[in-house]
Amino acid sequence: MQLEVIGVGGAGCRIADAIRTAETATRPFLCDVFAFDTDAQALAELESVPDDHRHRYGAGIDTGLNGNLQRGETLGDEHVDELSRKLDAGQPSAADAFLVVVGLGGATGGGAAPELVANLQTLYDVPVYVLGTLPADRERSPDGDPSVPTDDTRPSGADADGATRPLAAANATQTLSRLDGLANAVLCFDNEPWLRTGEDMVDGRARLNRELAARIEALFGATAQPADERATSAETVIDANDIRRILGNETALVSLGYGTQRIESGDDSGSVLGFELDFGLGLFGSDSTVETSAAVSAVETTVGKAIQGKLTLECERTNTDRALLVVGGPPEWLNRTAVADGRRRLESATESTQTLGGDAPRADSEAVFALAVLAGIEPVDRIEQLQAAARQSGQ
């Protein structure tokens, strides 16, 4: 699956930038990555998005919208055609899907993303997904109390992405409501449980963005054609149709679970990461083998982490309508029986009758990973908490 990624607003652009960084040369899955924002300085600070794919819109706005979602919606409506035309600088017609990335608590991205999603749906006959981050609790009000009423302006001295965004909860719930029926699916990342004790979003956002980007790369990279035609093919291929089937087309909420384990040598006799070295060539031998028990253990461990570990959006596993398991890593470590058992384990944990699984061989990898995709996970306690916070603040 070839993906067109569009970051909108400060958080969305930074995450899109991280996704481009996470893409590997061996498994390219990106058509293009674009960044759209009203903040010129924020665009200039991006590292991976090409300069000609960054676009500032909204004349007269210098540093964002200070949480004013209504203003963001107006700007989105005024500039949606302009933003869509900017995609012509890339190859949007070659994409198998679009991924619009947005910080749901923000005004710029939250205001423009629904308009952009709706427009893309009319222009292209492929799915349009949203990758949205939910605001952390400490972003809701100056003192951390979500019930403290505030006005529509950012408190003096507060950072645009810091711990004093009183409208974040209300913006997030309103934006999710506007996306309902527009996006084919909404992949969610809840910032709150991923922040460390005493850490605010300014300090933690780069780390969180890398975590999220790794999961997106694991999902969509699994569907990519290897750059090297000689690369090992998957035993059970995951393709664009599988992604469409699992994510659906009814704006389902989607959560991702992920586990990884570095591969260690089983002995000290000249092997590295389970491969026998050919010291004459300085290359891994093509006839190397891995002990079955080691491969099975690695797959089982990572699958367990993906299913039972921290999700991008915590939910009851048994609420899942559809599920997908991707297990990747060096081909020798992807034990076929263990991968199949992992899929059955995911099916049992979610009680979903629509569960798919496959492998993603990566000869250059130094780890085994597993990604669990849980789609249609409603109801979600975290969403209900944000809705309650929005009501308490009178928004």
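None of these values were measured; they are calculated from a predicted model.
Taking the ring pair (Phe, Tyr, Trp, His ring centres under 6.0 Å) definition, one finds that Phe29 meets it with nothing, sequence neighbours left out. Applying the ring pair (Phe, Tyr, Trp, His ring centres under 6.0 Å) rule to Tyr258 yields no partners; only residues at least two apart in sequence or on another chain are considered. Residues that satisfy the ring pair (Phe, Tyr, Trp, His ring centres under 6.0 Å) test with Phe189, not counting sequence neighbours, are Trp194. Listed by chain and number, the residues in a ring pair (Phe, Tyr, Trp, His ring centres under 6.0 Å) with Phe34 are His53 (sequence neighbours excluded). In this structure, Asp32 has no side-chain hydrogen bond (donor to acceptor under 3.5 Å, both in side chains) partners at least two apart in sequence or on a different chain.
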Task: Derivation and outcome, salt bridge (Lys or Arg N to Asp or Glu O under 4.0 Å), residues Asp242 and Arg322 - done: CA-CA 11 Å; Asp242 295 326; Arg322 302 172 302 281; over 6 Å; no
Open item on the list: Using side chain to side chain contact (heavy atoms under 4.5 Å, CB included), reason through Arg215 and Leu371 one step at a time and then give a plain yes or no.
Closed with: CA-CA 7 Å; Arg215 288 151 178 75; Leu371 178 80; 4.1 Å; yes
TODO: Start with the C-alpha distance between Glu82 and His55, add both sets of side-chain angles, then the distance that settles side chain to side chain contact (heavy atoms under 4.5 Å, CB included), and finish with yes or no.
DONE: CA-CA 10 Å; Glu82 170 190 335; His55 178 64; 2.5 Å; yes
TODO: Just do the side chain to side chain contact (heavy atoms under 4.5 Å, CB included) check on Asp17 and Val33 with the steps written out, would you?
DONE: CA-CA 8 Å; Asp17 198 58; Val33 179; over 6 Å; no
TODO: Show the numbers, then the answer: is there a ring pair (Phe, Tyr, Trp, His ring centres under 6.0 Å) between Phe36 and Tyr57?
DONE: CA-CA 7 Å; Phe36 300 149; Tyr57 69 99; 7.3 Å; no
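Asp88 has no carboxylate O lying under 4.0 Å from a charged side-chain N of Arg85, or vice versa, which leaves the two without a salt bridge. Arg317 has no carboxylate O lying under 4.0 Å from a charged side-chain N of Glu351, or vice versa, which leaves the two without a salt bridge. A salt bridge does not link Asp37 to Arg14: none of the charged side-chain nitrogens sits closer than 4.0 Å to a carboxylate oxygen. Glu217 and Arg362 are joined by a salt bridge, as a carboxylate oxygen and a charged side-chain nitrogen come within less than 4.0 angstrom of each other. Ion pairing of Glu347 with Arg343 is present here, as a side-chain N (NZ or NE/NH1/NH2) and a carboxylate O approach within less than 4.0 Å.
For the salt bridge (charged side-chain N to carboxylate O under 4.0 Å, His left out) condition, the pairs that include at least one residue of residues 96-118, sequence neighbours left out, are Glu115-Arg178.
In summary, of the residues considered (Leu187, Thr133, Ile377), a side-chain contact (heavy atoms from CB on, under 4.5 Å) with Leu313 occurs for Ile377 alone. For the side-chain contact (heavy atoms from CB on, under 4.5 Å) criterion with Leu219, the lone passing option out of Ile238, Ile243, Leu3, Val254 is Ile243.
Judged by distance alone, the side chain of Ser255 and the main-chain N or O of Glu314 form no donor-acceptor pair under 3.5 Å. Remark: the backbone N or O of Ala136 is not paired with any side-chain donor or acceptor of Asn191 at under 3.5 angstrom. Between the side chain of Asn184 and the main chain of Val128, a donor-acceptor pair closer than 3.5 Å is present. The backbone N or O of Thr260 sits less than 3.5 Å from a side-chain atom of Lys305, completing a donor-acceptor pair.
No close placement of the Phe98 and Tyr129 rings is indicated, their centers lying 6.0 Å or farther apart.
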